[in-house]
Each structure stands twice: as C-alpha cells, then as structure tokens.
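Step one of this worksheet: look at the structure below.
Just so it is clear, the structure is predicted and the values come from calculations on it, not from any experiment.
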Amino acid sequence: MTDKNGVELKTGQIVEIAGAYFKNDNGLWFIAHSPGDPCWTGSDYSLHRVAKSGRPSTAKDNLGFWPICIFTNDRAKRYEGNAWNKEHATIEVKDGIKTDGIKAYFEKEAAEHAQEIRRLVWIFGRNTEAAEPHRRAEDFLRGLLAEI
C-alpha cells in the first residue's frame with residue numbers, strides 16, 4: 001500500500017493521518033507492523049501514536065490501524081465513520097522526526113524474541129522448529145533497526 005504521495009508504507013516509518021472521522025485518529029503514528037512481516041499475521045497496518053519528539057506515546061488511545069478501524073457500539077456512527085474515512089482520510093510518510101524512541105521500541109521487540117528463542121531451545125533443544133518463527137522475527141527486526 002502507498003501513502004497519498006505514492007511512497008510505499010513499511011514497518012518503522014513515521015506517518016501522519018489527516019482527515020479522519022474521529023479527530024483522535026488524526027496525528028503522527030509509526031508503523032509497528034505491516035502485512036507480510038514475519039511477526040504479524042494481520043492484513044492491515046498496526047500503528048502506534050508518536051509524540052512530536054519522536055517517542056512512542058503511552059496515552060490511552062495510542063494504538064491504531066490503517067485503513068482506520070472504527071470500534072463503537074453505534075452501528076450508524078460506525079457506518080458513517082467508515083464511509084467518511086474511506087473517502088477523506090489520508091496517510092502520509094513524514095521525514096525529519098527523531099526515531100530514537102522508535103528504535104528502542106523495536107530493540108525491545110527483538111530482545112523479547114531472542115529471549116523466547118533461548119527459552120524454546122532450553123526446553124526442546126538447539127534444532128527445534130518451534131523457535132524458527134521467532135528467529136525469522138528477530139532477524140527481521142534486527143534488519144529493520146539497521147535501516148532506521
């Protein structure tokens with residue numbers, strides 16, 4: 001998928017969402033997971049809100065998706081919001097924002113996979129297939145860290 005300028009969306013990029021139905025969906029986000037990532041089975045983009053300083057947000061509504069998903073118990077509002085977002089919401093890759101906090105996020109993710117690999121090897125042995133998905137995910141995240 002591409003942003004409004006034709007730039008391919010990838011994990012680790014900082015993006016800005018504008019024109020969303022609910023104003024709390026607008027703002028700066030970083031792509032935490034993309035379709036096809038070895039550590040993600042979703043078909044959409046997982047987003048985490050980012051402060052202007054480049055640090056991941058710890059606020060209440062700090063998680064999102066692209067395309068925007070609306071979670072409300074009002075069926076009419078959900079229908080109206082989804083139609084609005086499909087027509088008006090845009091996403092744009094932003095450059096020039098500090099990525100130190102985002103690097104720390106992905107380093108923590110890679111460390112968690114490495115710890116799980118060690119645990120599975122301890123239980124099942126060095127050549128266990130159970131650790132293979134975690135190895136792929138850790139390799140992917142280490143490569144991503146080199147790119148950011």
Side-chain angles (χ1 to χ4, degrees), residues 1-120 129-148:
M1 185 176 284
T2 60
D3 74 347
K4 70 179 190 177
N5 298 322
V7 178
E8 186 71 27
L9 297 176
K10 297 184 294 190
T11 303
Q13 291 176 323
I14 296 177
V15 295
E16 181 178 26
I17 294 179
Y21 184 76
F22 293 112
K23 70 179 182 177
N24 66 329
D25 289 331
N26 295 320
L28 290 175
W29 304 80
F30 79 90
I31 301 174
H33 303 287
S34 298
D37 286 357
C39 46
W40 182 247
T41 58
S43 60
D44 49 3
Y45 292 86
S46 170
L47 306 173
H48 284 256
R49 189 173 297 280
V50 174
K52 290 186 181 183
S53 65
R55 295 180 45 183
S57 174
T58 57
K60 178 183 172 191
D61 296 321
N62 66 342
L63 302 175
F65 298 95
W66 184 263
I68 297 172
C69 296
I70 294 179
F71 302 100
T72 181
N73 59 1
D74 186 342
R75 189 179 343 175
K77 188 175 272 193
R78 185 172 52 245
Y79 178 78
E80 183 181 337
N82 284 332
W84 175 273
N85 286 337
K86 194 172 195 174
E87 187 174 334
H88 299 289
T90 60
I91 189 166
E92 180 180 14
V93 174
K94 291 292 189 180
D95 294 325
I97 299 173
K98 292 182 181 180
T99 59
D100 297 338
I102 296 169
K103 283 183 180 180
Y105 172 86
F106 286 117
E107 285 172 358
K108 181 181 175 205
E109 290 279 317
E112 288 173 1
H113 283 288
Q115 182 179 359
E116 183 65 11
I117 292 167
R118 284 191 298 276
R119 186 184 77 80
L120 291 169
E129 288 185 25
E132 194 55 36
H134 295 285
R135 284 188 185 104
R136 285 194 306 271
E138 184 188 14
D139 291 344
F140 170 77
L141 291 169
R142 298 287 180 204
L144 180 65
L145 284 166
E147 291 178 15
I148 296 178

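- Note that OH of Y45 is 8.0 Å distant from OG1 of T11, once rounded to the nearest 0.5 Å.
- To the nearest 0.5 Å, the span separating CD on E92 from CD1 on I17 amounts to 11.5 Å.
- In this structure a side-chain-to-backbone donor-acceptor pair under 3.5 Å is missing from D100 to R55.
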Considering only distance and modelled atom types, tabulate donor-acceptor pairs under 3.5 Å from the side chains of residues 107-116, sequence neighbours left out.
| residue | atom | partner | partner atom | Å |
| --- | --- | --- | --- | --- |
| H113 | ND1 | H134 | ND1 | 3.1 |
| E116 | OE1 | R119 | NE | 3.1 |
| E116 | OE2 | R119 | NE | 3.3 |
| E116 | OE2 | R119 | NH2 | 2.7 |

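- Atoms NZ and CG, on K94 and L28 in that order, are 7.5 Å from each other to the nearest 0.5 Å.
- Shown are F140, W40, F65; of these, the ring pair (Phe, Tyr, Trp, His ring centres under 6.0 Å) with H33 is made only by W40.
- For Y105, the ring-ring contact (aromatic ring centres under 6.0 Å, His included) partners are F30, H48, not counting sequence neighbours.
- Heavy atoms only, all atoms of each residue included: T90 and W66 are closest at C-CH2, 3.8 Å.
- In this structure, the side chains of I14 and T99 come closer than 4.5 Å at one or more pairs of heavy atoms.
- Contact between W29 and D61 at its shortest, heavy atoms only, is CH2-O, 4.1 Å.
- Of all the heavy atoms in Y21 and E80, the pair that sits closest is OH-OE2, 3.1 Å.
- Between the N26 side chain and the A20 main chain, a donor and an acceptor come within less than 3.5 Å of each other.
- Scanning both residues, I68 and A89, for their nearest heavy atoms gives CD1-CB, 3.9 Å.
- In this structure, D44 contributes its side chain and P67 its backbone to no donor-acceptor pair below 3.5 Å.
- Summarising the local packing, CD of E129 is surrounded by 12 or fewer heavy atoms from other residues, nucleotides or ligands at distances under 6.0 Å.
- The closest side-chain heavy-atom distance from Q13 to V7 is below 4.5 Å.
- Here the closest non-hydrogen pair linking T2 and L9 is C-CG, 4.2 Å.
- Every salt bridge (Lys or Arg N to Asp or Glu O under 4.0 Å) that R135 has, sequence neighbours left out, goes to E132.
- Considering CD1 of I97 and OG of S53, their distance stands at 10.0 Å, rounded to 0.5 Å.
- Side chain of D37 to main chain of C39: no donor-acceptor pair is present (N/O by atom type, distance under 3.5 Å, no hydrogens or angles).
- Between K10 and I31 the shortest side-chain heavy-atom distance does not fall below 4.5 Å.
- Residues L63 and S46 fail the side-chain proximity criterion, which asks for heavy atoms closer than 4.5 Å.
- Distance alone, capped at 3.5 Å, is enough to place a donor-acceptor pair between the R78 side chain and the T72 backbone.
- For the pair E16 (side chain) and I91 (backbone), a donor-acceptor distance under 3.5 Å is absent.
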